Trainee: 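Following this message is one structure expressed as structure tokens.
Small disclaimer: the values here were computed from a predicted structure and weren't measured.
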Amino acid sequence: MVADSSTTLTMYQSGQLDAASDVPTASLKQLVASGDVKILPYLGTYYLNFNNKKKPFNDIRVREALTLAINRQQIVDSITQGGERPATAFIPYGFPDATEGSDFRVVGGESYFKDGDVATAQKLLAEAGYPGGKGFPEFTYLMNTSSTHMAIAQAIQAMWKENLGITCKLANEEWGVFLQDRTALNYDVARAGWTADYMDPNTFLDLYVTGSGNNDIGWSNKAYDQYIAEEKSTADQTARLKYMHLAEDTLMKDYAICPIYYYTNPTLLSKKIKNFCESSIGFIDWKPAYIDTTAQ
């Protein structure tokens with residue numbers, strides 16, 4: 001077990017490791033080009049939590065303005081660099097829809113908003129009573145400790161300052177403390193992410209039912225709760241998928257959260273390892289894998 005990604009890479013390059021899932025972001029592009037890193041699919045979304053109970057984030061116009069003022073393409077191109085796609089919806093690509101061969105994300109629409117729509121963001125913030133950011137209270141963007149999370153936060157901080165004229169402080173906490181503060185709604189805006197536990201969109205949508213132990217945004221919506229209850233009450237896949245689309249539609253049109261990008265799974269993998277197989281929900285099947293000692 002190696003805690004630091006730079007140490008992981010050094011050990012890989014010296015032959016002490018054959019595979020690792022923790023890849024230094026700064027070296028990612030070079031490692032992909034050399035064939036040492038494989039970009040595998042991963043069903044997950046990186047996003048921001050808004051504390052929907054706290055002013056001014058209890059105003060949908062503020063939440064929408066903050067969401068639209070972010071340039072996601074710039075983040076995935078210059079920071080994460082792992083082939084991620086900018087997220088303009090909550091559910092990632094890769095979940096089957098009711099019709100064979102269809103994808104939930106494509107069927108539901110690939111975008112709920114325009115990435116980096118600064119003009120609309122500025123208009124909404126003015127309508128909320130903060131023209132040019134005037135009078136907007138300073139707030140804190142909270143994250144768990146990570147160089148990548150910090151780099152993303154710094155980029156978003158700069159975008160909000162430049163595009164909306166608002167100021168936020170950045171704060172990081174150890175993982176356990178961070179989760180406690182998020183659960184207790186002891187934050188303004190917080191980094192979040194979710195990856196699928198099973199191959200169904202409900203693994204994401206179930207988070208934000210009223211009273212859910214994973215609902216750490218202080219958001220409650222009766223229509224949303226009803227849609228999730230309806231999809232859970234039937235085995236008819238066509239009906240289930242219809243209700244799940246309606247639920248996501250409700251969540252996204254209320255800008256309860258702020259999607260940033262859809263995850264990928266960059267994996268450091270020696271060329272000696274053959275038939276490596278990892279599913280999009282993270283399960284590794286070692287049965288067909290073997291090490292070819294003659295490979296260079």
Trainee: To the nearest 0.5 Å, how far apart are CD in Glu138 and NZ in Lys169?
Mentor: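 It is 5.0 Å, given to the nearest 0.5 Å.
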Trainee: Apply side-chain hydrogen bond (donor to acceptor under 3.5 Å, both in side chains) to the pair Thr80 and Glu84, showing each step before the final yes or no.
Mentor: CA-CA 7 Å; Thr80 58; Glu84 298 87 355; 2.8 Å; yes
Trainee: Under 4.5 Å between any side-chain heavy atoms of Ser212 and Asp206, yes or no?
Mentor: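 Answer no - side chains too far apart.
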Trainee: Does the side-chain hydrogen bond (donor to acceptor under 3.5 Å, both in side chains) test come out yes or no for Asp36 and Ser34, once each step is laid out?
Mentor: CA-CA 6 Å; Asp36 289 294; Ser34 68; 2.6 Å; yes
Trainee: How many angstroms lie between CG in Leu66 and CG in Leu124, if you round to the nearest 0.5 Å?
Mentor: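 Leu66 atom CG to Leu124 atom CG measures 10.0 Å (nearest 0.5 Å).
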Trainee: Answer yes if the ring centres of Phe276 and Trp286 are under 6.0 angstrom apart, and no otherwise.
Mentor: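 When the ring centroids of Phe276 and Trp286 are compared, they turn out to be within the sub-6.0 Å range.
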Trainee: For the rings on Tyr141 and Phe139, is their centre-to-centre separation under 6.0 Å?
Mentor: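 For Tyr141 and Phe139, the ring centres are not under 6.0 Å apart.
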Trainee: Would you say the side-chain atoms of Asp97 and Thr99 include a donor-acceptor pair closer than 3.5 Å?
Mentor: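 Judged by distance alone, the side chains do not pair up.
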Trainee: Looking at every non-hydrogen atom in both residues, tell me the closest pair between Pro24 and Ser5 and how far apart they are.
Mentor: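 Heavy atoms of Pro24 and Ser5 come nearest at CG-O, 3.3 Å.
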Trainee: State which residues pass side chain to side chain contact (heavy atoms under 4.5 Å, CB included) with Lys55; sequence neighbours excluded, sorted by chain then number.
Mentor: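 Checked Lys55 against side chain to side chain contact (heavy atoms under 4.5 Å, CB included); matches are Asn58.
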Trainee: Given 3.5 Å as the limit, does a donor-acceptor pair link the side chain of Asn215 with the main chain of Trp219, or not?
Mentor: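 A pair under 3.5 Å: yes.
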Trainee: Just so I know, are the side chains of Ile75 and Ile156 near enough to count as touching, which here means a heavy-atom distance under 4.5 Å?
Mentor: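 Side chain of Ile75 against side chain of Ile156, heavy atoms only: contact under 4.5 Å found.
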Trainee: Test of understanding: clusters of I, L, V, M, F, W, Y form through side-chain heavy atoms closer than 4.5 Å, transitively. Do Val209 and Tyr47 belong to the same one?
Mentor: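 Same cluster.
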Trainee: Using a strict 4.0 Å threshold on nitrogen-to-oxygen distance, state whether Arg240 and Asp200 make a salt bridge.
Mentor: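 Judged by the 4.0 Å cut-off on N to carboxylate O distance, Arg240 and Asp200 do form a salt bridge.
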Trainee: Yes or no on side chain to side chain contact (heavy atoms under 4.5 Å, CB included) for Leu43 and Met199, after CA distance, side-chain angles and deciding distance?
Mentor: CA-CA 9 Å; Leu43 282 171; Met199 284 298 295; 3.2 Å; yes
Trainee: For the OG atom of Ser6 and the CE atom of Met11, what is their distance to the nearest 0.5 Å?
Mentor: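 These two atoms lie 13.0 Å from each other.
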Trainee: How about OH on Tyr42, more than 12 heavy atoms from neighbouring residues, nucleotides or ligands closer than 6.0 Å, or not?
Mentor: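 No, the 6.0 Å shell around OH holds no more than 12 heavy atoms from other groups.
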Trainee: Is the side chain of Glu248 donor-acceptor paired with the backbone N or O of Phe90 at a distance under 3.5 Å, no angle test?
Mentor: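 Confirmed, Glu248 side chain pairs with Phe90 backbone.
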Trainee: Would Arg63 pass as a cation-pi partner of Phe57, given that its NZ or CZ must be under 6.0 Å from the six-membered ring centre and within 45 degrees of the axis?
Mentor: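 No, Arg63 does not sit over the ring of Phe57.
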Trainee: Does the pair Asp216/Arg182 count as a salt bridge with the N-to-O cut at 4.0 Å?
Mentor: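 Salt bridge present between Asp216 and Arg182.
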Trainee: Going by atom types alone, do Thr267 and Ser21 pair a side-chain donor with an acceptor below 3.5 Å?
Mentor: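 Checked: Thr267/Ser21 side chains show no N/O donor-acceptor pair below 3.5 Å.
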Trainee: Measure from the side-chain N and O atoms of Asp285 to the backbone N and O of Cys277, and report whether any donor-acceptor pair falls under 3.5 Å.
Mentor: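 Side chain of Asp285 to backbone of Cys277, a donor-acceptor pair under 3.5 Å: no, none is there.
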Trainee: Is it the case that the side chain of Asn265 and the backbone of Leu40 share a donor-acceptor pair, with hydrogens and angles ignored and the cut-off at 3.5 Å?
Mentor: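 Checking the backbone N and O of Leu40 against the side chain of Asn265, no donor-acceptor pair under 3.5 Å is found.
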Trainee: Side chains of Tyr93 and Arg85: closer than 4.5 Å at any heavy-atom pair?
Mentor: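 SC-SC contact between Tyr93 and Arg85 confirmed.
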Trainee: Of the non-hydrogen atoms in Gly82 and Ile39, which two are nearest, and what is the gap between them?
Mentor: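 Looking at all heavy atoms of both residues, the closest pair is O-CG2, 3.3 Å.
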Trainee: List the atom of Glu110, the atom of Thr88, and the distance in Å for their closest heavy-atom pair.
Mentor: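 For Glu110 versus Thr88, the nearest heavy atoms are O-OG1, 3.2 Å.
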Trainee: Is there a donor-acceptor contact under 3.5 Å from the side chain of Thr203 to the main chain of Asp197?
Mentor: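 Pair found, side chain donor or acceptor close to backbone of Asp197.
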Trainee: Once you round to the nearest 0.5 Å, how far does OG1 of Thr250 lie from CG of Asp254?
Mentor: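 If I round to the nearest 0.5 Å, the distance is 8.5 Å.
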Trainee: I need the minimum non-hydrogen distance between Tyr208 and Asp225, along with the two atoms involved.
Mentor: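 Looking at all heavy atoms of both residues, the shortest contact is O-OD1, 4.3 Å.
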Trainee: Is there a side-chain contact between Pro201 and Glu231 in this structure, where contact means two heavy atoms from C-beta onward sitting under 4.5 Å apart?
Mentor: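 With C-beta onward as the side chain, the pair stays apart.
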Trainee: Trp160 and side chain to side chain contact (heavy atoms under 4.5 Å, CB included): which single residue from Ile166, Leu125, Thr167 fits?
Mentor: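 Option passing the side chain to side chain contact (heavy atoms under 4.5 Å, CB included) with Trp160: Ile166.
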Trainee: For Gln16, does the CD atom have more than 12 heavy-atom neighbours from other residues, nucleotides or ligands under 6.0 Å away?
Mentor: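 Result for CD/Gln16: enclosed.
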Trainee: What are the two closest heavy atoms between Asp115 and Arg72, and how far apart are they?
Mentor: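 In this case the closest contact between Asp115 and Arg72 is OD1-N, 2.9 Å.
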Trainee: Kindly work out whether a path of hydrophobic side-chain contacts (I/L/V/M/F/W/Y, heavy atoms less than 4.5 Å apart) joins Tyr243 to Phe204.
Mentor: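 Result: no, two separate clusters.
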Trainee: Take the angle between the ring planes of Phe113 and Tyr255 and call it parallel below 30°, perpendicular above 60°, tilted in between.
Mentor: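 Judged by the thresholds at 30° and 60°, the geometry between Phe113 and Tyr255 is tilted.
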Trainee: Would you say that Leu164 contacts Phe136 through its side chain, given a criterion of any heavy-atom pair below 4.5 Å between the two side chains?
Mentor: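 When only atoms from C-beta onward are counted, Phe136 and Leu164 do not touch, as no gap falls below 4.5 Å.
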Trainee: To the nearest 0.5 Å, how far apart are CG in Leu205 and CZ in Phe104?
Mentor: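 So the CG of Leu205 and the CZ of Phe104 are separated by 6.0 Å.
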Trainee: Above 12 or not: heavy atoms from other molecules or residues under 6.0 Å from OH of Tyr198?
Mentor: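 Enclosed.
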Trainee: Look at the side chain of Asn52 and the backbone N and O of Phe50, then say whether any donor-acceptor pair between them is shorter than 3.5 Å.
Mentor: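 Checked: pair present.
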Trainee: When you look at CD of Gln154, are more than 12 heavy atoms from neighbouring residues, nucleotides or ligands closer to it than 6.0 Å?
Mentor: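 Check passes, neighbour count above 12.
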Trainee: Would you call Arg105 and Asp103 a salt bridge, using N to O less than 4.0 angstrom?
Mentor: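 The answer is no: the pair does not qualify as a salt bridge.
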Trainee: Are Phe95 and Leu251 co-members of a hydrophobic cluster defined by side-chain heavy atoms under 4.5 Å apart?
Mentor: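 Looking at the clustering, Phe95 is in the same group as Leu251.
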Trainee: Distance-only, no hydrogens or angles: does the Asn163 side chain make a donor-acceptor pair with backbone N or O of Ala69 under 3.5 Å?
Mentor: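 Yes.
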Trainee: Could you tell me whether a side-chain N or O of Thr140 sits under 3.5 Å from a main-chain N or O of Leu142, the two making a donor and an acceptor?
Mentor: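 Not confirmed, Thr140 side chain does not pair with Leu142 backbone.
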Trainee: After noting the C-alpha distance and the side-chain angles of Asn172 and Thr145, does the key distance pass the side-chain hydrogen bond (donor to acceptor under 3.5 Å, both in side chains) rule?
Mentor: CA-CA 5 Å; Asn172 60 287; Thr145 303; 2.9 Å; yes
Trainee: Would you say Gln157's side chain and Cys168's backbone share a donor-acceptor pair under 3.5 angstrom?
Mentor: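 At least one qualifying donor-acceptor pair exists.
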Trainee: Please check if Ile217 and Leu185 belong to a single hydrophobic cluster, counting links between Ile, Leu, Val, Met, Phe, Trp and Tyr side chain heavy atoms closer than 4.5 Å.
Mentor: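 Yes: a chain of side-chain contacts under 4.5 Å links Ile217 to Leu185.
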Trainee: For Thr234 and Asp236, does a side-chain donor sit closer than 3.5 Å to a side-chain acceptor?
Mentor: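 Side-chain D/A pair, Thr234 to Asp236: absent.
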Trainee: Could you label the plane-to-plane angle of the Tyr46 and His149 rings as parallel, tilted or perpendicular, counting under 30° as parallel and over 60° as perpendicular?
Mentor: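 Rings of Tyr46 and His149: tilted, 30 to 60°.
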Trainee: I'd like to know if the side chain of Asp18 pairs up with that of Tyr12 as donor and acceptor (distance under 3.5 Å, no hydrogens or angles considered).
Mentor: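 No pair is found: no donor N or O on one side chain lies under 3.5 Å from an acceptor on the other.
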Trainee: Quick check on the hydrophobic clustering: are Leu269 and Val23 connected, directly or via other members, by side-chain heavy-atom contacts under 4.5 Å?
Mentor: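 No, separate clusters.
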Trainee: Hey, does Asn49 have a side-chain heavy atom less than 4.5 Å from the side chain of Val189?
Mentor: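 Sidechains of Asn49 and Val189: no contact.
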Trainee: Nearest heavy-atom pair of Tyr187 and Asp181: which atoms, and what distance?
Mentor: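 So the minimum-distance heavy-atom pair works out to CD2-O, 3.9 Å.
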Trainee: Could you walk me through whether Tyr112 and Asp249 satisfy the side-chain hydrogen bond (donor to acceptor under 3.5 Å, both in side chains) test, starting with their C-alpha distance in whole Å, then the side-chain angles of each, then the deciding distance to 0.1 Å, before giving a yes or no?
Mentor: CA-CA 8 Å; Tyr112 279 98; Asp249 207 49; 3.2 Å; yes
Trainee: Near Lys29 NZ, under 6.0 Å, is it more than 12 heavy atoms from other residues, nucleotides or ligands?
Mentor: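 Open: at most 12 neighbouring heavy atoms sit under 6.0 Å from NZ of Lys29.
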Trainee: Strictly distance-based, threshold 3.5 Å: is any side-chain N or O of Asn71 a donor or acceptor partner for the main-chain N or O of Gly116?
Mentor: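 The answer is no, because no donor-acceptor pair under 3.5 Å joins these two groups.
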Trainee: With rounding to the nearest 0.5 Å, note down the distance linking OG1 in Thr25 to CD1 in Ile79.
Mentor: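 The CD1 atom of Ile79 is 9.0 Å from OG1 of Thr25, to the nearest 0.5 Å.
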